[in-house]
Structure formats: structure tokens, C-alpha cells
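Chain letters run A, B, ... following the sequence lines, proteins first, then strands; residues in each count from 1.
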2 protein chains.
Amino acid sequence: MARTRTSISDLAQQLGISISTVSRALADHPSISDATKKKVWKLAKALHYQPNHMAAGLRKGRSNLLGVIVPHIDGHFFTMVVKGIEAVAAKAGYNVLICQSNEDVAHEQKNIETLLNAQVEGILVSLARTTRTFTHFEKVRMQQIPLVFFDRVLEGLDVSAVVIDDREGGYQATKHLLEQGYRRVAHFSGPQHLNIYKNRRQGYLDALHEYNLPVVEELIFNCNMALEDGERGIEYLLALPEPPDAVFSASDFSVVGALQLLKQRGLRVPQDIALVGFSNETFTSFTDPLLTSVDQRCEQMGQAAVRLFLEMREENDGLYSPRRVVLQPDLMVRASSGIKQQLEVEAD
Amino acid sequence: MARTRTSISDLAQQLGISISTVSRALADHPSISDATKKKVWKLAKALHYQPNHMAAGLRKGRSNLLGVIVPHIDGHFFTMVVKGIEAVAAKAGYNVLICQSNEDVAHEQKNIETLLNAQVEGILVSLARTTRTFTHFEKVRMQQIPLVFFDRVLEGLDVSAVVIDDREGGYQATKHLLEQGYRRVAHFSGPQHLNIYKNRRQGYLDALHEYNLPVVEELIFNCNMALEDGERGIEYLLALPEPPDAVFSASDFSVVGALQLLKQRGLRVPQDIALVGFSNETFTSFTDPLLTSVDQRCEQMGQAAVRLFLEMREENDGLYSPRRVVLQPDLMVRASSGIKQQLEVEAD
DNA sequence: GTTGGCTATACAAACGTTTGTGTATATCTA
DNA sequence: TAGATATACACAAACGTTTGTATAGCCAAC
């Protein structure tokens, strides 16, 4: 077989026309006659012509590569965001390079080097939980490469980002519990330097306020949102003189931990304590009872992030004006937060 | 700032030497004097020189891109394999393009087109569960692009692949149950056109044989290995005149389904029925009791796959001789398969 | 003092595109 | 009929590298 792939000049030679004509014909350029175009297309197909992206990229100064940095792709959320990203990116002719920071700043920094090295045209990033500074992104800015954050953003930073309305999510989750009749609602809260946890907590506070309920500090448990944190958290809450009748957790992981410990102690969910999580992870369907959770529109988030990048790319002045997209969360009500009154009646 | 990045010729100009000298200096070529090299390196650093991969790739006929197709990256297994792949690939100077087939052949086909289009130098693939033919891979072969399968391979296909010894895994899992004293061991079995499920089943059979136990067909439940399949499977088994005292499932997902249904019915694990899964998924640590499972050496598998690709790349004759790497599985014993006798004593 | 063999560098072609500009032919306008 | 316009194509430069080959300078050997 052909040791070398068929190139544009092979087509030109075989058709007896110039290289530039072939190039323009393939690109459907208006100044090429339909007859010629058809000839070119036909031969290209026959010879299994595949354009050389690197050559084109070199000439056009583009790589058609889009870089993505996520903390991990274990769970449901980032996996789905990546899916959304890939869908839109593919449509725009981009290939996606995915990097995992493993929730570690140092790794995040390395990821950036890698992507810069690969000459990506833009970088989409959701911060590691340990990231507290912006310095390692300066290089990206200096090279005038569009930078879009999604979900996790550093507080008070003027950058383009797509986030969900975490405050609204926290508000809805808590309000839902209150509507079901629960009155002593606790909260598992995460690192406050990250927008998401801060806002979810704010939503929780807002809902309490709306119901004229006092904020009981001892009902707010600060942690890292892991499974074990949930176990520790519920243990702590149960030990209180006046334990809560419901918990709104800023993460599904910690709520699963809580659920496990509750079951171990022989307590029933939601009869004894109702639970609501955040992220709508897949495993919320693995538990018994099914967990109420806040859906984050993961796929939409990914799509929006790419669209934001595409918009920024158009602004050739290089001084990208930061834009922000806010998606609305969606409360998925399931068994773990059933109506209190009704349950009590049933329990009789 | 510089509208255009610094190139090799900028360096050459500023140093008053030729482009080729700079290129060779950067590559640490022996025919360049140390003095010159140092000058070049110094200036390169000062000017933040970043090599243009596309130009180099064009010249060298390489893309430094490696394509990966996995069924999905939701669970633990493929996520970790990808991690292993990325580690070794990065060391060899490759960037990794990840595609998800979503367990769908049509999607898989599209993924291949995408990767071919991106001019990857090799493709690593784990088949979708619905893939039964090889036709869509012919194009890859024709272009003489190294193709390496991992984990899921089509039966009887002469291709390079890295797999685990699934038979051994099934054998160990079953033998472990028998050693613990269980004597009526059932099996959840998957689609038999895929190597992995076929071999796991064979391992199960081999272990029974070794213990001179008869193969009871009604104790083998064929399914698709999803959570619901596990529920259905255990329901079926419990309804038998003589139910099993243990189940070895070819997947962790179905074993979780079984566990949930057992608990729902008030049956205890492992006292009433012991369970062993396959894959050592993360959520085996989310369950109560913890699940015994067969670890698949995910990261090693990814690493081995890349190494296989690198080897094939060296064989420039293009006619790659298929090689196969077989990794040894690792039984992770946890609570769900405790010793039968001991449990009975305790239960007294 | 010619030849040979180093060493360190320069020259130039090539990789496969894209794209600005030049040009031949045909068509239209005055 | 001369000139303007439009159409459809060709020419050639450029993108930033790598790499085979040529060359200049130098030293040793005959």
C-alpha cells in the first residue's frame, strides 16, 4: 500500500490542476467552479484523502486543540461536563485534551504546562480544591489564550466562567426540607474559599431566614465533603443535645457517609432524619432510600463553557472581557426527603 | 507584548548563528559545541521559547497524539486505566485524546474517524459491549496505525492486546468462596462474545471442577451486568427450590444490585449469602458490608497498553506482529465473603 | 605542501497546507 | 473596438521545524 498518505498535491497532479485550486475546492471556496469542485471531491473520496491537520494548523497558526483541566473524572459530575464539552467542541472542529489535577495545585500547574506545550487554543478549567492562588494561570493570560472557568472558581476573580447558581441550589434544597415540615435542618459545608461551597451555604442561610428560623451555628458542620466527613458529621450532630431532623449537605459524597452511619445506628431515613445532597451523582440511585439531590446541569455546563471559549476566540483584540454564565440548578426530589407529617402518619 | 511567539529563527538571528544550529543545539545534538548549546539554551529560556509542535510534527511526520477509546469513564476501572495511559504516554512525549463510545458500536465508529482525523499515531481501545465485528477497525489497519486493545477484546482476533487473566480471576474468586466453606456457589455471567465474561465464567467452572462439585446450570444467571440485572438475578436465585449460599458475579455493579435486594429482604451478607464481585470499583467501599472483589490492575493495564504501542511503533515494517500481555488479577478479600463456619459460630 | 580527517557550523530542501496576488479567457459596456 | 469587469484558475510565499549535505577551519600525517 501507499507508504505515504495522499496529499492535496497528489490530487492536483492527477487532475492536472494547481494545488491552490484543490485546496480552495475542498474548502468550497466561491471562486472555484462547481465542475472543478465536484471533480476534486470525487477524487478525494476515491483516494481516501485525509487533510493533514498539522500542515493546515501550521499555516493557519491554529491547533484545533482545546485543553480541559478537571479535578478528577471519577464521579458523575465532571464526567458529564466533559461529555458536554466534547460534544460542542467536536462540532466546532476541536479535539479535546483532558487533564486531571487530582485536586492538587502542583499537578494543576503541570497540566497547564502540558496544555501550553501542546499549543491548545483555549483552556477550560475547574479548580482543584486546594487551589487558592491564581499565579500559575498568568502564563496562560500572557500568551493571550482564552481561559474559561467552570463550576469551581476562585472568589473575587475577574475571569470568564460558567457556574450554576449554587446559592439558589442551596436555597431550594433547604426550602424543600422546610416545606416538608422539617424544622431543625443541619448543613454540611465545604471549604469557603471556593465559590460553590460558599454559595450553597448562603442559600441554606437564606432559606432559614425566609422561614424566620434562627441560624444555629452548631448545626453547621464544616468539612472536606468526603464520605468519611459525612460519617463524622452525622456522628457529631447525633451527639448534640438537640439533634437535627434533617441535613442538607453540599456534596453527595458526604451525604452517603451520613446515610451509612445512620443505618448502622438503626435510624431511619427520612423518618428519623431526612437527607438532601448536592450534585445528583449516579450513586444516589445506588442507595436505599434514593437520595434527594441538586442537579447541576453538568452537560449544559460543559456546553456553555465551550461556547464561551468560542466567543472569546472571536474577539481578536486579545483583551478578553470576562463573561459569566449562570445556570439554574434543579432539585431532584427522591425518597430521602419525604414529607414529615405523612411519614409520621404512616408510621402509626 | 509579542503578537507572535518566539521561534527558532528568532533565536538564530539574535545569536548570529544559523537556524539549523539552533535546532540541533536545542536537541542536544553531539555535533554542536557546548559553548553554543549553552548560549542557545540560555536565550531560549530568556525569551520563553516554546517549540512549535505542529511544525516539528509536520516535518517529522508525527503528531505526538495518542488516541484512546473507552466505553465510558463513569466507573473506577476505565478512569484508572486512562490514568495509567496518561502517565506513560506523557513520559514518552505523547498527548492523549480520549473518546467515549458509550457502549455503542456506532459511536465507536465515529470515535475512530475522529482519531484518524486528528492523525493520532496509535489507537488504544476497549470495546463497547455491543461490538461484535471488527470491520470499523480495518481502516486503522490499512493506514498502518498501531492498534492495541485492552481489557475487552473480540474473541479469536489476532491483535495486540493487554488483558488480565480473567479466568484466573474467576477461579480465585470462586475458589475463595469454596475455601470459606460455601458449597452452593452461583454465578452472574455476562455476554459471552466478550473475552472477559467468557473467561471469568470459565474460571468459575474450573474452581467447581477442582472441588469436585457439579455444575448446576440453574445457578448460572446470564445478564448484562447492570445494577438491575443483579437485583433480578438474586431474586431468581432466591426463588429456586434450593437457593445458593454464595454468588460470584462477573461485575461489581450487579453484585451491588444483589446486595441491595438481599438487605431489602432482610437477609444478611455474608451470613445468609456471601458475595464476590469483579473490578474492585470504588463503590465497593460504599456498601455495607464491604464487598470482596477482583482487582484488575487498572493502572498497570493502561501503562502496559501504552508500552505495547511504543514497541509496535518501533517496528517500522508496518506489519505489526500481534503481541499479548496478560496481567494477573488480585483478589481483594473483604467482609462480604467471610468464613462460613466462623460466622455460624459467631451467630450462636 | 598536498591529502585526509576531524569539528563545528551553514545552506537549503522538505513536510502539506493556506492565501495574497497575478493572469488568461470570456463577457459586458460605452 | 477598446477598455472595464468578472470568472476561474495558477504561482509562489509563508508557517516553524528537521535533517542531509556542503563547507570552513584546523591539525596531523605522509
Side-chain angles (χ1 to χ4, degrees), chain A residues 2-41 43-44 47-65 93 116-121 143 316, chain B residues 2-41 43-44 47-65 93 116-121 143 316:
Chain A
R3 177 74 237 142
T4 166
R5 302 177 14 170
T6 72
S7 78
I8 214 177
S9 67
D10 294 331
L11 301 181
Q13 211 163 7
Q14 290 201 33
L15 289 171
I17 58 181
S18 81
I19 291 180
S20 58
T21 302
V22 175
S23 174
R24 281 190 247 255
L26 288 171
D28 205 7
H29 193 282
S31 80
I32 302 294
S33 71
D34 284 355
T36 311
K37 281 179 187 170
K38 273 177 192 155
K39 274 196 305 184
V40 173
W41 292 341
L43 187 64
L47 264 49
H48 298 110
Y49 168 72
Q50 270 208 330
N52 186 324
H53 270 78
M54 283 180 300
L58 175 58
R59 171 61 227 239
K60 296 203 279 196
R62 300 189 32 190
S63 65
N64 291 308
L65 246 35
L116 250 29
N117 227 300
Q119 287 163 280
V120 296
E121 291 181 41
Q143 295 201 23
N316 46 7
Chain B
R3 177 74 237 143
T4 164
R5 303 177 11 171
T6 73
S7 77
I8 213 176
S9 67
D10 294 331
L11 300 180
Q13 213 164 6
Q14 290 202 33
L15 289 171
I17 59 179
S18 81
I19 290 179
S20 58
T21 302
V22 175
S23 173
R24 281 191 246 254
L26 290 170
D28 204 9
H29 193 281
S31 79
I32 302 293
S33 71
D34 284 354
T36 310
K37 279 180 188 171
K38 273 177 192 155
K39 276 196 303 182
V40 172
W41 292 341
L43 188 64
L47 264 50
H48 298 110
Y49 167 72
Q50 271 208 331
N52 186 323
H53 270 78
M54 283 180 300
L58 175 58
R59 171 62 227 242
K60 296 202 279 196
R62 300 189 31 189
S63 65
N64 292 308
L65 247 35
L116 251 27
N117 227 300
Q119 287 163 280
V120 295
E121 290 180 42
Q143 296 200 24
N316 47 7

What is the minimum heavy-atom distance between B:A118 and B:L65, and which atoms define it? O-CD2, 3.6 Å
Using side-chain contact (heavy atoms from CB on, under 4.5 Å) as the criterion, list what pairs up with [X], not counting sequence neighbours.
X: A:L43; result: A:L11, A:Q14, A:L15, A:L47
X: A:N64; result: A:H53, A:R62, A:E121
X: B:T21; result: B:I17, B:S18, B:I32, B:T36

Relative orientation of the end axes in the helix from C:dG1-D:dC30 to C:dA30-D:dT1, expressed as an angle to the nearest 10° (five pairs per end): 70°
Could you walk me through whether B:Q119 and A:N52 pass side chain to side chain contact (heavy atoms under 4.5 Å, CB included), step by step? CA-CA 8 Å; B:Q119 287 163 280; A:N52 186 324; 3.2 Å; yes
In whole angstroms, how far is the C1' atom of C:dT18 from the CG atom of A:D28?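 In whole Å, C:dT18 C1' lies 16 Å from A:D28 CG.
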Show me the pairs that pass salt bridge (Lys or Arg N to Asp or Glu O under 4.0 Å) and involve residues 11-34 of chain B, at least two apart or across chains.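 Every salt bridge (Lys or Arg N to Asp or Glu O under 4.0 Å) pair that includes a residue of residues 11-34 of chain B, provided the two are not neighbours, is B:D28-B:K37.
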List every contact pair, protein side and nucleotides 8-16 of chain D side both N or O, where the distance is under 3.5 Å.
from, atom 1, to, atom 2, distance (Å)
D:dC9, OP1, A:S33, OG, 3.4
D:dC9, OP1, A:T36, OG1, 2.5
D:dC9, OP2, A:S33, N, 2.9
D:dC9, OP2, A:S33, OG, 3.0
D:dC9, OP2, A:T36, OG1, 3.0
D:dA10, OP1, A:S18, N, 3.2
D:dA10, OP2, A:S18, N, 2.7
D:dA10, OP2, A:S18, OG, 2.8
D:dA10, OP2, A:T21, OG1, 2.5
D:dA10, N7, A:S20, OG, 3.4
D:dA10, N6, A:R24, NH2, 2.9
D:dC11, N4, A:S20, OG, 2.8
D:dC15, O2, A:R59, N, 3.2
D:dG16, N2, B:A55, O, 3.2

Is it true that, when you exclude B:H48 itself, more than 12 heavy atoms of the residues, nucleotides or ligands shown sit nearer than 6.0 Å to its NE2? no
What is the distance from atom CG of A:L116 to atom CD of B:Q50, rounded to the nearest 0.5 Å?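 Reported value, rounded in 0.5 Å steps: 5.0 Å.
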